[in-house]
A.B. asks: 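Have a look at this one before I ask anything.
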Amino acid sequence: MTNVDLLGPANASGAVTVRPGDTRTFGIVDTWFKDCSDPVTDDGTAYEAAFFNALLANVRSIVRGNGQTAGAVDVVTQDNGADDLIWQACQHLYQRAQPAWAVDSSVTANQVIIALTPAAAELKAGMRVRVKIANSNTGATTMTVNALNAPCKTVAGQDLQKGMLAAGQIAAFVFDGTNWQLTSVWSEKVVFTPIATISGNAIGSLANSVWGTHTISLGSSANMTPVLGGSSFQLPDGKYSFVVGSQGVTHNNVVNATQIAQGLRLTKNGASVQSDIENTYLLAGQNATTFPQFSCVASVVASDVLSIQSYAAVTSPGDFNGASSTGATLTVVRVGN
């Protein structure tokens with residue numbers, strides 16, 4: 001800290017630069033000051049330098065408690081002419097959130113170890129911490145705060161899934177009285193591309209709403225590893241944003257110009273979550289010029305079976321001997337726990 005005689009007696013007569021010892025004796029009952037009973041009776045409480053020195057030391061501790069910036073500048077300027085030094089110190093302490101910030105020192109996955117300053121006396125419901133995570137988790141995780149242990153859970157009370165904590169991530173937790181709830185939104189992007197071609201009349205018919213299902217292949221993934229099952233996939237528990245787009249439909253063996261409907265949808269456990277249908281006018285062998293696309297947000301549990309389906313069907317007179325979908329793209333981003 002900058003060397004400043006902060007709020008001291010300064011050049012007053014009798015001022016010293018070394019704090020004198022404290023000879024007061026403290027008991028177990030709070031004591032208080034009292035005035036003299038009258039102007040001539042000396043029966044009031046005596047003021048001692050030790051009392052003022054204790055107050056002064058505490059004020060200095062508050063003002064200087066924020067320390068210095070990375071550039072070695074005092075966070076709170078030690079200005080003896082300012083009357084709001086304690087208020088400034090409190091504001092900066094709240095703004096910088098240092099008592100609730102820690103860096104994970106663990107070297108083991110699924111264990112978060114932090115030391116708060118000052119050390120936590122207990123884990124209290126409503127207590128908040130932000131942690132820079134050291135290791136990506138692979139499953140259920142616990143956190144140790146100043147030797148106090150508690151499990152980490154999602155806001156739904158479930159164990160953390162693989163990858164919900166990533167090395168280097170700043171994770172926010174709130175203690176609910178039993179568990180540390182992970183309250184920060186964990187985001188992970190997975191791209192499925194391409195989704196393989198499906199062909200022929202099995203793509204579907206508008207009349208009977210038959211949908212053909214795409215075979216899924218994985219384009220990219222990080223910690224959020226989906227479970228692939230040919231024409232379906234599964235994801236860890238969470239809330240996801242799905243962005244789906246068709247790469248086009250070719251209308252096969254068309255003799256006469258025909259208007260067709262192209263459909264694309266996301267299903268969960270066999271039920272449609274979101275869909276888009278586009279009408280386009282095609283000549284023989286012509287590729288579609290309007291492609292279905294949509295985005296949606298849906299909550300998923302690990303047991304849900306998801307799929308992407310499409311169809312092409314005639315919506316006006318013409319020859320329709322089948323159609324080929326040239327594929328679709330699917331991007332999944334986790335947006336919540």
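All values below come from the heavy atoms of this structure, side chains included, with hydrogens, waters and symmetry mates left out.
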A.B. asks: Decide side chain to side chain contact (heavy atoms under 4.5 Å, CB included) for Leu6 and Leu85; before the verdict, give the C-alpha distance in whole Å, the side-chain angles of both, and the deciding distance to 0.1 Å.
C.D. replies: CA-CA 10 Å; Leu6 183 62; Leu85 291 178; 3.8 Å; yes

A.B. asks: Tell me, with the steps shown, if Ser295 and Val243 meet side chain to side chain contact (heavy atoms under 4.5 Å, CB included).
C.D. replies: CA-CA 4 Å; Ser295 63; Val243 181; 4.1 Å; yes

A.B. asks: Give me the atom names and distance for the closest heavy-atom approach of Asp5 to Ala10.
C.D. replies: OD2-CA, 3.5 Å

A.B. asks: Between atom CG of Leu165 and atom CD of Gln111, what is the distance when rounded to the nearest 0.5 Å?
C.D. replies: 12.5 Å

A.B. asks: Nearest 0.5 Å, what's the CG-CG distance between Asn179 and Leu160?
C.D. replies: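 Answer rounded to 0.5 Å: 10.0 Å.
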
A.B. asks: Is it the case that the side chain of Ser275 and the backbone of Arg265 share a donor-acceptor pair, with hydrogens and angles ignored and the cut-off at 3.5 Å?
C.D. replies: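 Looks like no, no N/O pair under 3.5 Å.
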
A.B. asks: Would Asn135 and Thr108 count as having a side-chain donor-acceptor pair, cut-off 3.5 Å?
C.D. replies: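 Not at all, the side chains of Asn135 and Thr108 share no donor-acceptor pair under 3.5 Å.
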
A.B. asks: Would you check if the side chain of Gln274 reaches a backbone N or O of Phe294 as a donor-acceptor pair within less than 3.5 Å?
C.D. replies: no

A.B. asks: Quick check for you: to the nearest 0.5 Å, what is the distance between Leu116 atom CG and Leu148 atom CG?
C.D. replies: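 Rounded to the nearest 0.5 Å, the CG-CG separation comes to 9.5 Å.
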
A.B. asks: Search all heavy atoms of Ala54 against all heavy atoms of Arg24 and return the closest pair with its distance.
C.D. replies: CB-NH2, 4.1 Å

A.B. asks: Does Tyr94 have more than 12 heavy atoms from other residues, nucleotides or ligands lying within 6.0 Å of its OH?
C.D. replies: no

A.B. asks: Can you give me the closest heavy-atom contact between Leu56 and Pro9, atom names plus distance?
C.D. replies: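 The pair with the smallest heavy-atom distance is CD2-CD, 4.5 Å.
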
A.B. asks: State whether the side chain of Asp74 and the backbone N or O of Gln68 hold a donor-acceptor pair below 3.5 Å, judged by distance alone.
C.D. replies: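 Here the side-chain-to-backbone pair does not exist.
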
A.B. asks: Asp104 side chain to Lys132 main-chain N or O, any donor-acceptor pair under 3.5 Å?
C.D. replies: no

A.B. asks: Under the side chain to side chain contact (heavy atoms under 4.5 Å, CB included) criterion, do Thr117 and Gln98 qualify, and how do the steps go?
C.D. replies: CA-CA 8 Å; Thr117 303; Gln98 293 306 288; over 6 Å; no

A.B. asks: Does the Asn146 side chain pair with the main chain of Ala119, one donor and one acceptor, at a distance under 3.5 Å?
C.D. replies: no

A.B. asks: So how far is it from Leu266 CG to Tyr240 OH, rounded to the nearest 0.5 Å?
C.D. replies: 12.5 Å

A.B. asks: Is Asp38 atom CG crowded by more than 12 heavy atoms from other residues, nucleotides or ligands, each under 6.0 Å away?
C.D. replies: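 Yes.
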
A.B. asks: According to a 4.5 Å side-chain heavy-atom criterion applied to Ile, Leu, Val, Met, Phe, Trp and Tyr, with indirect links allowed, do Met164 and Val174 form part of one hydrophobic cluster?
C.D. replies: no

A.B. asks: Using 30° and 60° as the class limits, which term best fits the ring planes of Tyr47 and Phe33: parallel, tilted or perpendicular?
C.D. replies: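 Tyr47 and Phe33: parallel rings.
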
A.B. asks: Which heavy atom of Ser299 sits nearest a heavy atom of Asp304, and at what distance?
C.D. replies: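 Looking at all heavy atoms of both residues, the shortest contact is O-OD2, 4.3 Å.
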
A.B. asks: Taking side chain to side chain contact (heavy atoms under 4.5 Å, CB included) as the criterion, tell me which of Arg128, Met143, Lys153 meets it with Trp180.
C.D. replies: Met143

A.B. asks: Would you say Ile170 ends up clustered with Phe173 if hydrophobic residues are merged whenever their side chains have heavy atoms under 4.5 Å apart, either directly or through other cluster members?
C.D. replies: no

A.B. asks: Applying the 4.5 Å side-chain criterion to the ILVMFWY set and letting contacts propagate, would Trp101 and Val129 be lumped into a single cluster?
C.D. replies: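 In one cluster: no.
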
A.B. asks: State whether a side-chain donor-acceptor pair under 3.5 Å links Asn149 with Thr142.
C.D. replies: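 Short answer, no.
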
A.B. asks: Do Val112 and Ser106 have side chains that get closer than 4.5 Å, going by heavy atoms?
C.D. replies: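 No; the side chains remain at least 4.5 Å from each other.
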
A.B. asks: Side chain of Thr141, backbone of Gly139: donor and acceptor closer than 3.5 Å?
C.D. replies: yes

A.B. asks: Would you say Thr45's side chain and Lys34's backbone share a donor-acceptor pair under 3.5 angstrom?
C.D. replies: yes

A.B. asks: I'd like to know if the side chain of Asn269 and the backbone of Val305 have a donor-acceptor N/O pair within less than 3.5 Å.
C.D. replies: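 It does hold such a pair.
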
A.B. asks: Any idea which heavy atoms bring Leu7 and Arg60 closest together, and the distance?
C.D. replies: C-NH2, 4.4 Å

A.B. asks: Do any N or O atoms from the side chain of Asn110 and from the backbone of Thr138 form a donor-acceptor pair under 3.5 angstrom?
C.D. replies: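 It does hold such a pair.
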
A.B. asks: Identify the two heavy atoms, one from Gln234 and one from Ser303, that lie closest to each other, and give their separation to 0.1 Å.
C.D. replies: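 Shortest heavy-atom separation between Gln234 and Ser303 comes out as NE2-O, 3.5 Å.
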
A.B. asks: For the atom pair SG (Cys90) and CG (Asn66), what is the distance rounded to the nearest 0.5 Å?
C.D. replies: 9.0 Å

A.B. asks: If Ile, Leu, Val, Met, Phe, Trp and Tyr residues are connected whenever their side-chain heavy atoms lie under 4.5 Å apart, and connections chain through other members, are Val75 and Leu93 in the same group?
C.D. replies: no

A.B. asks: Could you state whether Ile133 and Ile113 fall into the same hydrophobic cluster, counting links through intermediate Ile, Leu, Val, Met, Phe, Trp or Tyr residues with side-chain heavy atoms under 4.5 angstrom apart?
C.D. replies: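 Hydrophobic grouping puts Ile133 apart from Ile113.
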
A.B. asks: Return yes when atom CG of Asp35 has more than 12 non-hydrogen atoms of other residues, nucleotides or ligands closer than 6.0 Å, and no otherwise.
C.D. replies: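 Check fails, neighbour count at 12 or below.
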
A.B. asks: Under 3.5 Å, side chain of Thr77 to main-chain N/O of Asp79, donor-acceptor pair present?
C.D. replies: no

A.B. asks: Output the distance between atom OG (Ser37) and atom CG (Asp42), rounded to the nearest 0.5 Å.
C.D. replies: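 Answer rounded to 0.5 Å: 9.5 Å.
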
